[in-house]
Amino acid sequence: MKKIEAIIKPFKLDAVKEGFHAIGVEGITVSEVSGFGRQRGHTELYRSAEYVVDFLPKIKIEVAVSDDQAEKVVETIAQVAHTGSIGDGKVFVFPMEEAIRIRSGERGPNAV
């Protein structure tokens with residue numbers, strides 16, 4: 001099993017969700033987060049004063065999948081979240097030792 005985390009631009013969430021539906025991914029967790037990468041934020045003008053916005057709004061998606069689904073999930077995120085501009089985001093893949101469905105007690109891939 002793998003846990004996949006992706007940080008994407010907020011307006012790409014619906015496209016990723018639709019992409020997951022198309023490949024059969026049933027459950028995701030979504031969080032609103034803030035951060036920056038190489039772009040280091042940007043400068044904005046407000047009431048004639050410039051100020052630096054260090055942390056940009058992002059969306060963090062977390063999904064747990066079986067090993068055979070992992071590559072398809074990563075490819076889907078990379079395809080649909082891509083805009084070609086700076087700040088498109090990152091995808092992280094982690095091995096997942098165990099998953100337990102609280103309601104039924106199922107363990108492993110059946111719990112995912």
Side-chain angles (χ1 to χ4, degrees):
M1 295 177 298
K2 303 281 188 212
K3 179 180 180 186
I4 299 170
E5 293 183 6
I7 308 296
I8 62 170
K9 291 183 175 186
F11 68 90
K12 286 296 193 171
L13 177 59
D14 286 336
V16 172
K17 190 171 66 170
E18 289 170 14
F20 282 176
H21 181 70
I23 63 170
V25 173
E26 295 176 347
I28 64 172
T29 300
V30 176
S31 306
E32 292 181 11
V33 297
S34 297
F36 65 88
R38 291 184 182 155
Q39 80 268 25
R40 301 267 189 220
H42 63 279
T43 303
E44 288 189 2
L45 190 61
Y46 180 71
R47 294 189 178 184
S48 302
E50 274 192 10
Y51 65 98
V52 176
V53 178
D54 288 334
F55 294 101
L56 302 174
K58 301 286 183 177
I59 294 291
K60 180 179 180 181
I61 298 171
E62 299 174 87
V63 61
V65 296
S66 60
D67 288 334
D68 57 329
Q69 273 189 307
E71 189 57 35
K72 192 127 187 118
V73 169
V74 170
E75 288 173 6
T76 299
I77 296 167
Q79 272 184 339
V80 300
H82 180 266
T83 67
S85 61
I86 194 163
D88 271 353
K90 299 261 191 304
V91 179
F92 305 99
V93 180
F94 304 96
M96 191 169 66
E97 281 190 39
E98 184 69 270
I100 302 163
R101 186 183 311 266
I102 295 173
R103 177 181 51 84
S104 64
E106 290 173 289
R107 291 178 169 266
N110 292 333
V112 176

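In the hydrophobic clustering of ILVMFWY residues, with side-chain heavy atoms under 4.5 Å counting as a link, Val65 and Val93 come out together.
Nearest heavy-atom pair, Lys9 versus Ile86, reported as atom, atom and distance to 0.1 Å: NZ-O, 3.4 Å. For the pair Gln69 and Ile23, the tightest heavy-atom approach, listed with the atom from each and the gap, is NE2-O, 4.1 Å. In this structure, Ala64 and Val112 approach most closely via the heavy-atom pair O-CG1, 2.7 Å. For the pair Ala99 and Ala111, the tightest heavy-atom approach, listed with the atom from each and the gap, is O-CB, 3.5 Å.
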### Query
side-chain contact (heavy atoms from CB on, under 4.5 Å) between Val33 and Phe55: does it pass, once the steps are laid out?
CA-CA 9 Å; Val33 297; Phe55 294 101; over 6 Å; no

### Val73 and Lys2: CA distance, side-chain angles, deciding distance, side-chain contact (heavy atoms from CB on, under 4.5 Å) verdict
CA-CA 10 Å; Val73 169; Lys2 303 281 188 212; over 6 Å; no

### Message
Set out, in order, the CA-CA distance, both residues' side-chain angles and the distance that settles side-chain contact (heavy atoms from CB on, under 4.5 Å) for Phe20 and Ile77, then state yes or no.
### Response
CA-CA 8 Å; Phe20 282 176; Ile77 296 167; 3.7 Å; yes

### Test side-chain contact (heavy atoms from CB on, under 4.5 Å) applied to Ile59 and Glu32, step by step
CA-CA 5 Å; Ile59 294 291; Glu32 292 181 11; 4.0 Å; yes

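In this structure, Met96 CE and Ser66 OG are separated by 9.5 Å, a value rounded to the nearest 0.5 Å. Atom CD of Glu97 is separated from atom NZ of Lys3 by 13.0 Å, given to the nearest 0.5 angstrom. Atom CD of Glu98 is separated from atom CE of Met1 by 5.5 Å, given to the nearest 0.5 angstrom. Rounding to the nearest 0.5 angstrom, the gap separating the CD atom in Glu71 from the CD1 atom in Ile4 is 8.5 Å. Atom-to-atom distance recorded for Ile28:CD1 and Leu13:CG is 6.0 Å, nearest 0.5 angstrom.
You'll find the side chain of Val80 stays beyond 4.5 Å of the side chain of Glu18, heavy atoms only.
Under a 3.5 Å cut-off, the side chain of Asp88 and the backbone N or O of His82 do not form any donor-acceptor pair.
The only option from Thr76, Ile61, Val63, Val30 that meets the side-chain contact (heavy atoms from CB on, under 4.5 Å) definition with Val16 turns out to be Ile61.
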